Protein chains: 2
Amino acid sequence: MLKEERFQIILNQLGHEQKVYLGHLSTLLNVSEDTVRRDIKELADQGLLKSVRGGAVPHSPGPHHFRDRMKYDNEQKQIIATKALQFLKDGQVVLFDGGTSTMLIAQMLPKDLRLTVITNSFPIASLLEEHEHVEVLFAGGRLLKNSFVTIGNDAIQFFKKFRADICLLGICSIHAELGVTGPDFEESDVKRAMIESSREVIALATGEKLGTAEAYYVCPTERLSMIITDQANDNEAFKIYTDLGIRMV
Amino acid sequence: MLKEERFQIILNQLGHEQKVYLGHLSTLLNVSEDTVRRDIKELADQGLLKSVRGGAVPHSPGPHHFRDRMKYDNEQKQIIATKALQFLKDGQVVLFDGGTSTMLIAQMLPKDLRLTVITNSFPIASLLEEHEHVEVLFAGGRLLKNSFVTIGNDAIQFFKKFRADICLLGICSIHAELGVTGPDFEESDVKRAMIESSREVIALATGEKLGTAEAYYVCPTERLSMIITDQANDNEAFKIYTDLGIRMV
DNA sequence: TTACAATTTGCAATATTCTGCAAATTTAAT
DNA sequence: ATTAAATTTGCAGAATATTGCAAATTGTAA
(Lines give C-alpha, C1' and ligand atoms only; values in the text may rest on other atoms or scores of the structure.)
Protein backbone atom coordinates (compact mmCIF):
# COMPACT_ATOMS: atom_id res chain seq x y z
CA MET A 1 0.00 0.00 0.00
CA LEU A 2 1.29 3.42 -0.93
CA LYS A 3 1.90 5.99 1.74
CA GLU A 4 -0.50 8.25 -0.16
CA GLU A 5 -3.23 5.65 0.09
CA ARG A 6 -2.89 5.73 3.85
CA PHE A 7 -3.01 9.50 3.72
CA GLN A 8 -6.24 9.43 1.77
CA ILE A 9 -7.81 6.93 4.12
CA ILE A 10 -6.82 8.91 7.19
CA LEU A 11 -8.14 12.15 5.77
CA ASN A 12 -11.34 10.47 4.66
CA GLN A 13 -11.93 9.14 8.14
CA LEU A 14 -11.52 12.64 9.45
CA GLY A 15 -14.11 13.84 6.98
CA HIS A 16 -16.65 11.61 8.70
CA GLU A 17 -15.42 11.29 12.26
CA GLN A 18 -14.27 14.10 14.47
CA LYS A 19 -11.30 12.12 15.66
CA VAL A 20 -9.18 9.19 14.54
CA TYR A 21 -7.15 7.01 16.89
CA LEU A 22 -3.65 5.69 16.32
CA GLY A 23 -4.57 2.16 17.35
CA HIS A 24 -7.61 2.04 15.12
CA LEU A 25 -5.73 3.33 12.09
CA SER A 26 -2.85 1.01 12.81
CA THR A 27 -5.04 -2.10 12.46
CA LEU A 28 -7.09 -0.63 9.64
CA LEU A 29 -4.04 0.22 7.56
CA ASN A 30 -2.04 -2.78 8.71
CA VAL A 31 1.04 -0.83 9.72
CA SER A 32 2.62 -0.08 13.05
CA GLU A 33 1.44 2.75 15.25
CA ASP A 34 4.76 4.45 14.65
CA THR A 35 4.04 4.65 10.98
CA VAL A 36 0.59 6.03 11.58
CA ARG A 37 2.13 8.55 13.91
CA ARG A 38 4.59 9.59 11.24
CA ASP A 39 1.82 9.81 8.67
CA ILE A 40 -0.20 12.03 10.92
CA LYS A 41 2.81 14.20 11.56
CA GLU A 42 3.37 14.62 7.84
CA LEU A 43 -0.26 15.47 7.18
CA ALA A 44 -0.20 17.86 10.08
CA ASP A 45 2.82 19.60 8.57
CA GLN A 46 0.78 20.09 5.41
CA GLY A 47 -1.96 21.59 7.51
CA LEU A 48 -4.47 18.93 6.50
CA LEU A 49 -5.21 17.79 10.03
CA LYS A 50 -4.14 18.42 13.54
CA SER A 51 -2.13 15.89 15.47
CA VAL A 52 -3.33 15.32 19.02
CA ARG A 53 -2.27 12.88 21.67
CA GLY A 54 -3.52 9.44 20.68
CA GLY A 55 -4.63 10.36 17.19
CA ALA A 56 -5.69 13.30 15.06
CA VAL A 57 -8.57 15.73 14.59
CA PRO A 58 -9.61 17.85 11.60
CA HIS A 59 -7.52 20.93 11.39
CA SER A 60 -9.97 23.62 10.49
CA PRO A 61 -11.35 25.44 13.46
CA GLY A 62 -15.09 25.44 13.40
CA PRO A 63 -18.00 25.02 15.72
CA HIS A 64 -17.04 21.46 16.54
CA HIS A 65 -13.37 22.13 16.81
CA PHE A 66 -13.09 22.38 20.55
CA ARG A 67 -15.90 20.11 21.53
CA ASP A 68 -14.17 16.92 20.63
CA ARG A 69 -10.97 17.73 22.37
CA MET A 70 -12.55 18.08 25.74
CA LYS A 71 -13.76 15.30 27.89
CA TYR A 72 -16.73 16.78 29.55
CA ASP A 73 -19.22 14.06 29.01
CA ASN A 74 -19.44 12.57 32.42
CA GLU A 75 -22.76 12.01 34.02
CA GLN A 76 -22.36 14.37 36.95
CA LYS A 77 -21.76 17.32 34.69
CA GLN A 78 -24.64 16.28 32.50
CA ILE A 79 -26.96 16.36 35.51
CA ILE A 80 -25.63 19.74 36.60
CA ALA A 81 -26.01 21.22 33.14
CA THR A 82 -29.57 20.00 32.82
CA LYS A 83 -30.48 21.53 36.15
CA ALA A 84 -28.83 24.81 35.25
CA LEU A 85 -30.73 25.26 32.01
CA GLN A 86 -34.03 26.02 33.72
CA PHE A 87 -32.62 29.19 35.24
CA LEU A 88 -31.74 30.80 31.95
CA LYS A 89 -34.64 32.91 30.71
CA ASP A 90 -35.33 34.84 27.55
CA GLY A 91 -33.70 38.23 27.36
CA GLN A 92 -31.16 37.72 30.10
CA VAL A 93 -27.55 38.75 30.03
CA VAL A 94 -25.43 35.80 31.15
CA LEU A 95 -21.75 35.57 31.96
CA PHE A 96 -20.25 32.19 31.08
CA ASP A 97 -17.13 31.20 32.88
CA GLY A 98 -14.76 28.88 31.00
CA GLY A 99 -14.62 25.18 31.73
CA THR A 100 -16.25 22.00 30.57
CA SER A 101 -19.41 22.17 32.64
CA THR A 102 -20.37 25.58 31.33
CA MET A 103 -19.57 24.26 27.87
CA LEU A 104 -22.12 21.55 28.34
CA ILE A 105 -24.71 24.14 29.24
CA ALA A 106 -23.88 26.16 26.14
CA GLN A 107 -24.26 23.04 24.08
CA MET A 108 -27.61 22.11 25.55
CA LEU A 109 -29.05 25.61 25.26
CA PRO A 110 -32.39 25.63 23.38
CA LYS A 111 -31.94 27.11 19.92
CA ASP A 112 -34.78 29.58 20.33
CA LEU A 113 -33.61 31.12 23.59
CA ARG A 114 -32.77 34.81 23.34
CA LEU A 115 -29.71 35.63 25.40
CA THR A 116 -26.75 37.91 25.54
CA VAL A 117 -23.79 35.78 26.48
CA ILE A 118 -20.56 37.33 27.67
CA THR A 119 -17.62 35.00 27.94
CA ASN A 120 -13.86 34.65 27.76
CA SER A 121 -13.97 31.10 26.45
CA PHE A 122 -13.39 30.22 22.80
CA PRO A 123 -15.16 26.87 23.05
CA ILE A 124 -18.28 28.41 24.50
CA ALA A 125 -18.36 31.20 21.95
CA SER A 126 -17.92 28.63 19.18
CA LEU A 127 -20.71 26.45 20.47
CA LEU A 128 -23.10 29.36 20.40
CA GLU A 129 -22.47 30.01 16.72
CA GLU A 130 -25.59 28.20 15.62
CA HIS A 131 -27.80 29.96 18.13
CA GLU A 132 -29.25 32.73 16.04
CA HIS A 133 -30.78 34.56 18.94
CA VAL A 134 -27.77 34.53 21.16
CA GLU A 135 -25.56 37.56 20.94
CA VAL A 136 -22.01 36.78 21.98
CA LEU A 137 -19.72 39.37 23.50
CA PHE A 138 -16.20 38.12 23.82
CA ALA A 139 -13.68 39.32 26.37
CA GLY A 140 -10.32 40.29 24.92
CA GLY A 141 -7.02 39.55 26.58
CA ARG A 142 -4.08 37.22 26.60
CA LEU A 143 -5.05 33.82 25.26
CA LEU A 144 -4.27 30.79 27.41
CA LYS A 145 -3.33 28.21 24.81
CA ASN A 146 -4.37 25.00 26.52
CA SER A 147 -7.74 26.05 27.87
CA PHE A 148 -8.63 28.60 25.18
CA VAL A 149 -9.75 31.31 27.54
CA THR A 150 -8.56 34.89 27.67
CA ILE A 151 -7.15 36.24 30.91
CA GLY A 152 -5.32 39.25 32.23
CA ASN A 153 -6.23 42.84 32.85
CA ASP A 154 -7.91 43.32 29.49
CA ALA A 155 -10.33 40.52 30.16
CA ILE A 156 -11.03 41.83 33.64
CA GLN A 157 -11.69 45.35 32.41
CA PHE A 158 -13.98 43.96 29.74
CA PHE A 159 -16.23 42.22 32.23
CA LYS A 160 -16.32 45.27 34.46
CA LYS A 161 -18.22 47.14 31.79
CA PHE A 162 -21.33 45.02 32.18
CA ARG A 163 -24.09 44.44 34.65
CA ALA A 164 -25.29 40.93 33.93
CA ASP A 165 -28.27 39.04 35.31
CA ILE A 166 -26.49 35.78 35.91
CA CYS A 167 -22.95 34.60 36.20
CA LEU A 168 -22.45 30.89 35.56
CA LEU A 169 -19.36 29.89 37.46
CA GLY A 170 -17.69 26.71 36.24
CA ILE A 171 -16.69 24.04 38.68
CA CYS A 172 -14.71 25.41 41.63
CA SER A 173 -14.13 24.27 45.15
CA ILE A 174 -16.64 25.67 47.62
CA HIS A 175 -16.06 25.80 51.35
CA ALA A 176 -18.51 27.45 53.73
CA GLU A 177 -15.82 29.43 55.54
CA LEU A 178 -12.91 29.50 53.09
CA GLY A 179 -15.15 30.63 50.25
CA VAL A 180 -14.97 29.82 46.57
CA THR A 181 -11.47 28.89 45.37
CA GLY A 182 -9.84 27.79 42.12
CA PRO A 183 -6.63 26.15 40.91
CA ASP A 184 -5.31 28.97 38.76
CA PHE A 185 -4.20 32.41 39.84
CA GLU A 186 -5.01 34.42 36.77
CA GLU A 187 -8.24 32.64 36.01
CA SER A 188 -9.39 33.36 39.53
CA ASP A 189 -8.86 37.06 38.96
CA VAL A 190 -11.07 36.91 35.92
CA LYS A 191 -13.74 34.93 37.73
CA ARG A 192 -13.80 37.58 40.41
CA ALA A 193 -14.38 40.27 37.82
CA MET A 194 -17.23 38.28 36.34
CA ILE A 195 -18.84 37.82 39.72
CA GLU A 196 -18.61 41.51 40.50
CA SER A 197 -20.42 42.34 37.29
CA SER A 198 -23.37 40.09 37.91
CA ARG A 199 -26.51 40.34 39.96
CA GLU A 200 -26.81 36.61 40.63
CA VAL A 201 -24.01 34.11 40.80
CA ILE A 202 -24.72 30.45 40.11
CA ALA A 203 -21.91 28.07 40.96
CA LEU A 204 -21.69 24.62 39.43
CA ALA A 205 -20.11 22.04 41.70
CA THR A 206 -19.88 18.28 41.68
CA GLY A 207 -20.50 16.76 45.10
CA GLU A 208 -16.88 16.09 45.90
CA LYS A 209 -15.91 19.72 45.47
CA LEU A 210 -18.21 20.90 48.21
CA GLY A 211 -16.40 21.51 51.46
CA THR A 212 -12.98 21.60 49.76
CA ALA A 213 -10.68 24.48 48.92
CA GLU A 214 -7.90 25.23 46.45
CA ALA A 215 -5.01 27.64 46.27
CA TYR A 216 -6.59 30.77 44.85
CA TYR A 217 -9.42 32.71 46.40
CA VAL A 218 -12.29 33.83 44.21
CA CYS A 219 -15.09 35.16 46.42
CA PRO A 220 -16.84 34.59 49.74
CA THR A 221 -19.35 31.79 49.72
CA GLU A 222 -22.25 34.05 50.64
CA ARG A 223 -21.81 35.94 47.38
CA LEU A 224 -23.30 32.91 45.62
CA SER A 225 -27.01 32.95 44.91
CA MET A 226 -27.24 29.29 44.08
CA ILE A 227 -25.14 26.15 43.98
CA ILE A 228 -26.06 23.51 41.45
CA THR A 229 -24.75 20.05 42.23
CA ASP A 230 -25.29 16.55 40.92
CA GLN A 231 -26.66 15.48 44.31
CA ALA A 232 -30.23 15.43 45.57
CA ASN A 233 -31.10 18.80 47.06
CA ASP A 234 -32.46 17.44 50.34
CA ASN A 235 -28.92 16.55 51.33
CA GLU A 236 -28.19 17.02 55.04
CA ALA A 237 -24.81 18.59 54.45
CA PHE A 238 -26.33 21.37 52.39
CA LYS A 239 -27.68 23.09 55.47
CA ILE A 240 -24.51 25.13 55.99
CA TYR A 241 -25.07 26.69 52.59
CA THR A 242 -28.81 27.24 52.84
CA ASP A 243 -28.14 28.95 56.15
CA LEU A 244 -26.02 31.43 54.24
CA GLY A 245 -29.02 32.16 52.03
CA ILE A 246 -27.77 30.08 49.14
CA ARG A 247 -30.25 28.06 47.16
CA MET A 248 -29.14 24.47 46.69
CA VAL A 249 -30.27 22.69 43.54
CA MET B 1 4.61 -0.40 -27.50
CA LEU B 2 4.94 3.32 -27.90
CA LYS B 3 5.78 5.52 -25.01
CA GLU B 4 2.63 7.56 -25.66
CA GLU B 5 0.54 4.39 -25.41
CA ARG B 6 1.97 3.70 -21.99
CA PHE B 7 1.22 7.25 -20.97
CA GLN B 8 -2.39 6.82 -22.02
CA ILE B 9 -2.74 3.59 -20.10
CA ILE B 10 -1.18 5.03 -16.97
CA LEU B 11 -3.40 8.09 -17.02
CA ASN B 12 -6.43 5.94 -17.71
CA GLN B 13 -5.73 3.82 -14.69
CA LEU B 14 -5.52 6.93 -12.60
CA GLY B 15 -8.84 8.06 -13.95
CA HIS B 16 -10.48 5.03 -12.39
CA GLU B 17 -8.33 4.29 -9.36
CA GLN B 18 -6.85 6.67 -6.85
CA LYS B 19 -3.44 5.07 -7.27
CA VAL B 20 -1.17 3.00 -9.50
CA TYR B 21 1.74 0.83 -8.44
CA LEU B 22 5.06 0.60 -10.27
CA GLY B 23 4.99 -3.20 -10.10
CA HIS B 24 1.51 -3.51 -11.60
CA LEU B 25 2.26 -1.15 -14.43
CA SER B 26 5.55 -2.85 -15.10
CA THR B 27 3.89 -6.24 -15.74
CA LEU B 28 0.86 -4.69 -17.41
CA LEU B 29 2.93 -2.67 -19.87
CA ASN B 30 5.64 -5.30 -20.13
CA VAL B 31 8.52 -2.96 -19.46
CA SER B 32 10.92 -2.65 -16.58
CA GLU B 33 10.03 -0.76 -13.44
CA ASP B 34 12.67 1.79 -14.35
CA THR B 35 10.85 2.62 -17.51
CA VAL B 36 7.57 3.02 -15.69
CA ARG B 37 9.34 5.18 -13.21
CA ARG B 38 10.66 7.38 -15.97
CA ASP B 39 7.24 7.55 -17.57
CA ILE B 40 5.70 8.64 -14.31
CA LYS B 41 8.40 11.21 -13.83
CA GLU B 42 7.70 12.64 -17.24
CA LEU B 43 3.96 12.78 -16.66
CA ALA B 44 4.55 14.34 -13.29
CA ASP B 45 6.67 17.04 -14.90
CA GLN B 46 3.71 17.84 -17.10
CA GLY B 47 1.56 18.05 -14.01
CA LEU B 48 -0.69 15.21 -15.14
CA LEU B 49 -0.18 13.12 -12.03
CA LYS B 50 1.77 13.09 -8.85
CA SER B 51 4.73 10.78 -8.52
CA VAL B 52 4.99 9.10 -5.14
CA ARG B 53 7.23 6.43 -3.74
CA GLY B 54 6.09 3.10 -5.19
CA GLY B 55 3.73 4.49 -7.79
CA ALA B 56 1.62 7.53 -8.58
CA VAL B 57 -1.61 9.24 -7.54
CA PRO B 58 -3.84 11.72 -9.37
CA HIS B 59 -2.51 15.21 -9.11
CA SER B 60 -5.56 16.76 -7.51
CA PRO B 61 -7.00 13.76 -5.78
CA GLY B 62 -10.63 12.86 -6.25
CA PRO B 63 -13.72 13.95 -4.40
CA HIS B 64 -12.25 14.72 -1.03
CA HIS B 65 -14.49 15.70 1.78
CA PHE B 66 -11.67 17.39 3.58
CA ARG B 67 -10.90 19.61 0.66
CA ASP B 68 -14.15 21.42 1.26
CA ARG B 69 -12.87 22.85 4.44
CA MET B 70 -9.83 24.24 2.67
CA LYS B 71 -11.77 26.32 0.24
CA TYR B 72 -9.41 29.15 0.93
CA ASP B 73 -6.50 27.14 -0.27
CA ASN B 74 -6.27 28.57 -3.73
CA GLU B 75 -3.01 29.11 -5.44
CA GLN B 76 -3.01 32.89 -5.47
CA LYS B 77 -3.40 33.10 -1.76
CA GLN B 78 -0.79 30.43 -1.29
CA ILE B 79 1.66 32.51 -3.25
CA ILE B 80 0.80 35.63 -1.30
CA ALA B 81 1.11 33.85 2.03
CA THR B 82 4.50 32.42 1.12
CA LYS B 83 5.78 35.82 0.13
CA ALA B 84 4.43 37.39 3.29
CA LEU B 85 6.17 34.95 5.60
CA GLN B 86 9.62 36.34 4.92
CA PHE B 87 8.70 39.69 6.45
CA LEU B 88 7.81 38.28 9.85
CA LYS B 89 10.86 38.31 12.06
CA ASP B 90 11.59 37.02 15.53
CA GLY B 91 10.37 39.23 18.33
CA GLN B 92 7.96 41.33 16.33
CA VAL B 93 4.50 42.36 17.37
CA VAL B 94 2.12 41.62 14.52
CA LEU B 95 -1.53 42.52 14.01
CA PHE B 96 -3.45 39.88 12.08
CA ASP B 97 -6.57 41.02 10.31
CA GLY B 98 -9.28 38.40 9.86
CA GLY B 99 -9.82 36.65 6.55
CA THR B 100 -8.66 33.57 4.74
CA SER B 101 -5.37 34.86 3.40
CA THR B 102 -4.11 35.91 6.79
CA MET B 103 -5.28 32.52 8.04
CA LEU B 104 -3.04 30.86 5.52
CA ILE B 105 -0.11 32.86 6.80
CA ALA B 106 -0.89 31.84 10.36
CA GLN B 107 -1.03 28.27 9.22
CA MET B 108 2.31 28.41 7.43
CA LEU B 109 4.12 30.22 10.23
CA PRO B 110 7.30 28.39 11.27
CA LYS B 111 6.82 26.73 14.63
CA ASP B 112 9.95 28.24 16.14
CA LEU B 113 9.19 31.86 15.30
CA ARG B 114 8.77 34.09 18.34
CA LEU B 115 5.99 36.58 17.82
CA THR B 116 3.34 38.49 19.64
CA VAL B 117 0.19 38.23 17.58
CA ILE B 118 -2.76 40.49 18.18
CA THR B 119 -5.94 39.57 16.37
CA ASN B 120 -9.71 39.64 16.42
CA SER B 121 -10.09 36.38 14.52
CA PHE B 122 -10.98 33.10 16.23
CA PRO B 123 -9.58 30.94 13.42
CA ILE B 124 -6.25 32.68 13.50
CA ALA B 125 -5.98 32.49 17.25
CA SER B 126 -6.85 28.79 17.08
CA LEU B 127 -4.28 28.10 14.42
CA LEU B 128 -1.59 29.65 16.55
CA GLU B 129 -2.33 27.37 19.45
CA GLU B 130 0.45 24.98 18.61
CA HIS B 131 3.02 27.72 18.20
CA GLU B 132 4.64 27.66 21.61
CA HIS B 133 6.57 30.83 21.07
CA VAL B 134 3.69 32.90 19.80
CA GLU B 135 1.84 34.90 22.38
CA VAL B 136 -1.70 35.62 21.31
CA LEU B 137 -3.59 38.69 22.45
CA PHE B 138 -7.21 38.53 21.46
CA ALA B 139 -9.41 41.56 20.89
CA GLY B 140 -12.69 41.46 22.75
CA GLY B 141 -15.95 42.67 21.30
CA ARG B 142 -19.15 41.56 19.68
CA LEU B 143 -18.67 38.28 17.89
CA LEU B 144 -19.68 38.10 14.25
CA LYS B 145 -21.06 34.59 13.97
CA ASN B 146 -20.35 33.79 10.35
CA SER B 147 -16.80 35.03 10.12
CA PHE B 148 -15.77 34.47 13.74
CA VAL B 149 -14.19 37.84 14.24
CA THR B 150 -14.93 40.35 16.95
CA ILE B 151 -15.96 43.86 15.99
CA GLY B 152 -17.35 46.99 17.56
CA ASN B 153 -15.99 49.63 19.85
CA ASP B 154 -14.47 47.17 22.28
CA ALA B 155 -12.36 45.61 19.57
CA ILE B 156 -11.32 49.03 18.32
CA GLN B 157 -10.32 50.21 21.75
CA PHE B 158 -8.37 47.04 22.30
CA PHE B 159 -6.22 47.58 19.23
CA LYS B 160 -5.63 51.20 20.13
CA LYS B 161 -3.67 50.13 23.18
CA PHE B 162 -0.83 48.71 21.12
CA ARG B 163 2.00 49.90 18.94
CA ALA B 164 2.74 46.99 16.66
CA ASP B 165 5.57 46.50 14.19
CA ILE B 166 3.47 45.11 11.39
CA CYS B 167 -0.19 45.01 10.49
CA LEU B 168 -1.16 42.26 8.08
CA LEU B 169 -4.22 43.44 6.25
CA GLY B 170 -6.33 40.70 4.68
CA ILE B 171 -7.46 41.01 1.12
CA CYS B 172 -9.10 44.38 0.40
CA SER B 173 -9.56 46.45 -2.69
CA ILE B 174 -6.77 48.90 -3.34
CA HIS B 175 -7.10 51.93 -5.59
CA ALA B 176 -4.33 54.48 -5.97
CA GLU B 177 -6.64 57.45 -5.47
CA LEU B 178 -9.66 55.99 -3.69
CA GLY B 179 -7.50 54.22 -1.12
CA VAL B 180 -8.01 50.91 0.61
CA THR B 181 -11.66 49.84 0.86
CA GLY B 182 -13.58 46.87 2.17
CA PRO B 183 -17.04 45.29 1.86
CA ASP B 184 -18.16 45.57 5.50
CA PHE B 185 -18.79 48.69 7.50
CA GLU B 186 -17.94 47.47 10.97
CA GLU B 187 -14.99 45.39 9.89
CA SER B 188 -13.57 48.42 8.11
CA ASP B 189 -13.68 50.35 11.36
CA VAL B 190 -11.70 47.64 13.07
CA LYS B 191 -9.19 47.48 10.23
CA ARG B 192 -8.66 51.20 10.55
CA ALA B 193 -7.92 50.85 14.24
CA MET B 194 -5.40 48.12 13.50
CA ILE B 195 -3.68 50.24 10.91
CA GLU B 196 -3.42 53.19 13.26
CA SER B 197 -1.72 51.03 15.85
CA SER B 198 0.98 49.74 13.57
CA ARG B 199 4.27 51.08 12.30
CA GLU B 200 4.16 49.21 9.00
CA VAL B 201 1.08 48.10 7.12
CA ILE B 202 1.34 45.19 4.72
CA ALA B 203 -1.69 44.67 2.49
CA LEU B 204 -2.40 41.34 0.82
CA ALA B 205 -4.10 41.65 -2.53
CA THR B 206 -4.78 39.31 -5.39
CA GLY B 207 -4.12 40.90 -8.76
CA GLU B 208 -7.75 41.53 -9.61
CA LYS B 209 -8.32 43.61 -6.48
CA LEU B 210 -5.73 46.16 -7.46
CA GLY B 211 -7.27 49.25 -8.96
CA THR B 212 -10.75 48.45 -7.64
CA ALA B 213 -12.74 49.90 -4.77
CA GLU B 214 -15.56 48.82 -2.47
CA ALA B 215 -18.13 50.55 -0.34
CA TYR B 216 -16.31 51.21 2.91
CA TYR B 217 -13.20 53.29 3.24
CA VAL B 218 -10.35 51.94 5.33
CA CYS B 219 -7.30 54.12 4.79
CA PRO B 220 -5.42 56.11 2.15
CA THR B 221 -3.25 54.03 -0.14
CA GLU B 222 -0.06 55.81 0.87
CA ARG B 223 -0.47 54.56 4.43
CA LEU B 224 0.55 51.13 3.15
CA SER B 225 4.20 50.17 3.44
CA MET B 226 3.95 47.17 1.18
CA ILE B 227 1.49 45.38 -1.06
CA ILE B 228 1.95 41.66 -1.52
CA THR B 229 0.31 40.23 -4.61
CA ASP B 230 0.37 36.96 -6.49
CA GLN B 231 1.85 38.72 -9.51
CA ALA B 232 5.47 39.22 -10.52
CA ASN B 233 6.79 42.40 -8.93
CA ASP B 234 8.17 43.88 -12.12
CA ASN B 235 4.65 44.52 -13.32
CA GLU B 236 4.21 47.75 -15.32
CA ALA B 237 0.98 48.70 -13.56
CA PHE B 238 2.68 48.69 -10.21
CA LYS B 239 4.40 51.97 -10.91
CA ILE B 240 1.52 54.05 -9.51
CA TYR B 241 2.04 52.36 -6.18
CA THR B 242 5.82 52.42 -6.10
CA ASP B 243 5.58 56.14 -6.88
CA LEU B 244 3.63 56.46 -3.64
CA GLY B 245 6.54 54.87 -1.81
CA ILE B 246 4.87 51.50 -1.49
CA ARG B 247 6.98 48.42 -1.89
CA MET B 248 5.41 45.91 -4.28
CA VAL B 249 6.17 42.25 -3.69
C1' DT C 1 4.13 12.41 44.00
C1' DT C 2 3.46 7.63 41.26
C1' DA C 3 2.12 4.92 37.53
C1' DC C 4 0.98 4.53 32.99
C1' DA C 5 0.37 5.89 28.19
C1' DA C 6 2.01 8.41 24.30
C1' DT C 7 5.69 10.44 21.93
C1' DT C 8 10.36 11.11 20.43
C1' DT C 9 14.75 9.43 19.07
C1' DG C 10 18.23 6.39 17.25
C1' DC C 11 18.97 2.44 14.71
C1' DA C 12 18.88 -1.56 11.61
C1' DA C 13 16.43 -3.98 7.88
C1' DT C 14 14.09 -3.41 3.84
C1' DA C 15 12.24 -1.11 -0.17
C1' DT C 16 12.47 2.46 -3.51
C1' DT C 17 14.72 5.76 -6.34
C1' DC C 18 18.68 7.77 -8.62
C1' DT C 19 22.83 7.55 -11.51
C1' DG C 20 25.87 6.18 -15.08
C1' DC C 21 26.44 3.20 -18.67
C1' DA C 22 25.82 0.08 -22.50
C1' DA C 23 22.66 -2.19 -25.57
C1' DA C 24 18.64 -1.65 -28.29
C1' DT C 25 15.65 1.12 -30.78
C1' DT C 26 14.08 5.01 -33.29
C1' DT C 27 14.86 9.12 -36.23
C1' DA C 28 16.66 11.85 -40.00
C1' DA C 29 19.51 12.65 -43.68
C1' DT C 30 21.90 11.00 -47.30
C1' DA D 1 18.68 1.22 -47.91
C1' DT D 2 22.42 2.86 -44.99
C1' DT D 3 24.55 5.42 -41.66
C1' DA D 4 25.09 8.40 -37.75
C1' DA D 5 22.98 10.78 -34.08
C1' DA D 6 19.57 10.89 -30.70
C1' DT D 7 16.54 8.63 -27.80
C1' DT D 8 14.88 4.92 -25.09
C1' DT D 9 15.46 0.97 -22.31
C1' DG D 10 17.30 -2.20 -18.83
C1' DC D 11 20.63 -3.06 -15.50
C1' DA D 12 23.82 -2.73 -11.47
C1' DG D 13 25.39 -0.28 -7.67
C1' DA D 14 25.00 3.98 -4.81
C1' DA D 15 22.04 7.04 -2.49
C1' DT D 16 17.76 7.83 -0.21
C1' DA D 17 13.35 6.86 2.06
C1' DT D 18 10.36 4.03 4.74
C1' DT D 19 9.31 1.05 8.32
C1' DG D 20 9.27 -1.32 12.79
C1' DC D 21 11.49 -1.86 16.99
C1' DA D 22 13.33 -0.47 21.51
C1' DA D 23 15.13 2.80 24.74
C1' DA D 24 14.68 7.36 26.53
C1' DT D 25 11.77 11.17 27.20
C1' DT D 26 7.68 13.60 27.87
C1' DG D 27 2.81 14.14 29.20
C1' DT D 28 -1.41 12.80 31.73
C1' DA D 29 -4.41 11.04 35.20
C1' DA D 30 -5.22 9.47 39.59
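By convention in this document, chain letters (A, B, ...) are assigned in the order of the sequence lines, proteins followed by strands, and residues within each chain are numbered from 1. Since we're looking at a predicted model, the values are computed, not measured.
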Next item on the list: At under 4.0 Å between heavy atoms, which parts of nucleotides 15-25 of chain D does protein reach? Answer with one letter per nucleotide, 5' to 3': B base, S sugar-phosphate only, - none.
Entry: -BBSBBBB---

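Sorted by first then second residue, the salt bridge (Lys or Arg N to Asp or Glu O under 4.0 Å) pairs that include residues 232-249 of chain A, not counting sequence neighbours, are A:K239-A:D243.
Judged as a ring pair (Phe, Tyr, Trp, His ring centres under 6.0 Å), and not counting sequence neighbours, the contacts of B:F158 are B:F162. Every side chain to side chain donor-acceptor pair (under 3.5 Å) that A:E42 has, sequence neighbours left out, goes to A:K3. With sequence neighbours excluded, the residues satisfying ring pair (Phe, Tyr, Trp, His ring centres under 6.0 Å) with B:H24 are B:Y21. By the side chain to side chain donor-acceptor pair (under 3.5 Å) test, A:R223 pairs with no residue at all, sequence neighbours left out. Annotation: side chain to side chain donor-acceptor pair (under 3.5 Å) contacts of B:R37 (sequence neighbours excluded): none.
Using bins of under 30°, 30° to 60° and over 60° for the plane-to-plane angle, the ring pair B:F138/B:F122 lands in the perpendicular bin.
Between the P atom of D:dT9 and the CD atom of B:E4 lies a distance of 11 Å, rounded to the nearest Å. The distance from atom CD of A:E208 to atom P of D:dA30 is 12 Å, rounded to the nearest whole Å. Remark: P of C:dT17 and CG of B:L25 are 12 Å apart, rounded to the nearest angstrom. Atoms NZ (A:K41) and C1' (C:dA6) sit 15 Å apart, rounded to a whole Å. At whole-Å resolution of the value, CG in A:L22 and C1' in C:dA5 are 11 Å apart. Between the C1' atom of D:dT9 and the CZ atom of B:F7 lies a distance of 13 Å, rounded to the nearest Å.
Taking the C1' atoms of five terminal pairs at each end of the helix from C:dT1-D:dA30 to C:dT30-D:dA1, the two resulting helix axes are inclined by 50°, rounded to 10°.
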Just distance, no hydrogens or angles: give the donor-acceptor pairs under 3.5 Å from side chains in residues 45-54 of chain B, sequence neighbours left out.
none

